[in-house]
Amino acid sequence: MSRLVPLVVLLLLAAGVLAVAPFVGQERIPVSALWDRNGGTNSLILWQLRLPRVAIAFLAGASLAVGGMTFQAVFRNPLATPFTLGVASGASLGAAIYIHLKLSLVLLGIPGISVFAFLGAAAAILVVYGLARLKRGFSSATMLLAGVAVSFFFSSLILLLQYLGDFTQAYRILRWVMGGLDLGLGFGDAVGMLPLILAGTLIVVYHTHELNLLSIGEELAASRGVEVQRTKAAIFFAASLLVGAVVAVCGPIGFVGLMAPHICRLVVGADHRILAPATWLFGGAFLTTCDTAARTMLAPVELPVGILTAMLGGPFFLYLLLTRSVDEE
């Protein structure tokens, strides 16, 4: 029972953040705007801007956090992040290609830039997986190296497209790479993300026992009856699906997947059966809080939340690097 207390606290924290965040901003929105049927300004701001943004921020933070937790367990590396395997750079390349070609598409109600970004993320996943399969054993080290190589290569292509494009295209690509929730998002984007996020989260939760064993060692997991290669592949694709769905809509928002799992481990321990829901709740609340701060601290100017999380994540990364071994898990 005592193990569930932190989960209850995190659930209350997440509920509190979701309840407060929509009403905080440059313009304070009264609670009465929720049931204002006259279509006043406050009601429009709340329903068309604030609530969709908070919903997307929570889903994105939860997904990135669970993705980070998963990669850290599979690779047994405390510095692994959702972007380690090139998913973010692949999605950014897809978005950059869309912007460079000056396309204007909508597919099943989904903006074309999100479709291209998700296809780019999927391409990165397939390339990394294919490179890892070329080496026997599908080792974590091979996947990490392949991910770093793919990430650098895709990043160079993004820079090439920026150089070849005009000023407007270069700025739009740069703005996408910053990551943010101020890109004209609405409830439709949240609904589009939801099926992919739910599918990825359920797969990860289903494999929490295997994650516990893999985080200790592949030999131990195999001795306990885990089909290591198949399990790693399933978890890898689930985590990549989570990250790809988020980056396709919000751009690459870094360091959430690094910080949230570590903070939750300090609170609830390393058992992934408890850690997974705790990380999901804390990650969502964390990014929602960061986005609320990003759109209010420099008002009327909105700071892209990707910049704020990077400012927080850089020192946190150095703290982990100096206090923990990169081989430790």
Side-chain angles (χ1 to χ4, degrees), residues 13-27 29 33-34 44-68 82-83 87-88 91-92 94-95 106-118 121 175-201 239-257 259-260 279-296 302-310:
L13 171 66
V17 169
L18 287 174
V20 172
F23 303 98
V24 178
Q26 181 184 355
E27 294 290 336
I29 304 296
L34 279 172
L44 291 175
I45 292 174
L46 181 65
W47 284 100
Q48 295 185 15
L49 298 177
R50 296 277 181 86
L51 287 174
R53 183 162 174 169
V54 167
I56 293 172
F58 191 89
L59 290 173
S63 300
L64 293 173
V66 171
F83 300 150
V87 179
S92 298
V106 177
L107 182 62
L108 301 177
I110 303 174
I113 192 170
S114 296
V115 174
F116 269 63
F118 186 78
R175 181 63 192 84
W176 177 271
V177 172
M178 288 180 183
L181 299 162
D182 54 338
L183 304 174
L185 304 176
F187 278 121
D189 297 286
V191 173
M193 295 167 60
L194 197 56
L196 299 176
I197 290 174
L198 286 177
T201 301
S240 298
L241 188 67
L242 286 170
V243 179
V246 172
V247 177
V249 173
C250 308
I253 300 174
F255 290 101
V256 177
M259 293 185 284
T279 301
W280 198 89
L281 291 169
F282 180 79
F286 175 74
L287 187 58
T288 303
T289 302
C290 287
D291 183 58
T292 303
R295 59 183 167 83
T296 56
E302 289 193 8
L303 181 71
V305 71
I307 294 177
L308 181 58
T309 57

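What's counted below: heavy atoms across the whole structure, side chains too, no hydrogens, waters or symmetry copies.
The minimum heavy-atom distance between M259 and F286, with the atom names listed, is CE-CZ, 3.5 Å. Smallest separation of non-hydrogen atoms from G306 and I253: CA-CG2, 4.2 Å. A91 and V247 get closest at one heavy-atom pair: CB-CG1, 3.2 Å. In terms of heavy atoms, L181 sits closest to A57 at CD1-CB, 3.4 Å. Closest heavy-atom contact between A285 and A14: CB-CA, 4.1 Å. Scanning all heavy atoms of the two residues, the minimum distance from P252 to S92 falls at CG-OG, 3.5 Å.
One N or O on the side chain of R295 and one on the backbone of V24 form a donor-acceptor pair closer than 3.5 Å. At least one donor-acceptor pair closer than 3.5 Å links the side chain of T309 to the backbone N or O of G254. Judged purely by atom type and a 3.5 angstrom limit, S114 uses its side chain to pair as donor or acceptor with the backbone of A248. Side-chain N or O atoms of D189 include one that pairs as donor or acceptor with a backbone N or O of G186 at under 3.5 Å.
Every residue meeting the side-chain contact (heavy atoms from CB on, under 4.5 Å) condition with T279, not counting sequence neighbours, appears here in chain and number order: A65, M69, P261, C264, L275.
Between the CG atom in L241 and the CZ atom in F118 there is a gap of 5.0 Å [rounded to 0.5 Å]. Note that OG1 of T292 is 9.0 Å distant from CG of L287, once rounded to the nearest 0.5 Å. Going from atom CG of L13 over to atom CZ of F282 covers 7.5 Å, rounded to the nearest 0.5 Å. The distance from atom CE of M178 to atom CG of L308, rounded to the nearest 0.5 Å, is 13.5 Å. With rounding to the nearest 0.5 Å, the separation of CG in L46 from CD1 in I29 is 6.5 Å. Remark: L34 CG to W47 CH2 distance equals 6.0 Å, nearest 0.5 Å.
Annotation: side chain of L51 is in contact with side chain of F187 (closest heavy-atom distance under 4.5 Å).
A perpendicular orientation is assigned to the rings of F58 and W280, their planes being inclined by more than 60° (bins at 30° and 60°).
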Please tabulate, for side-chain N and O atoms in residues 192-199, each donor-acceptor pair with protein atoms closer than 3.5 Å (sequence neighbours left out).
none

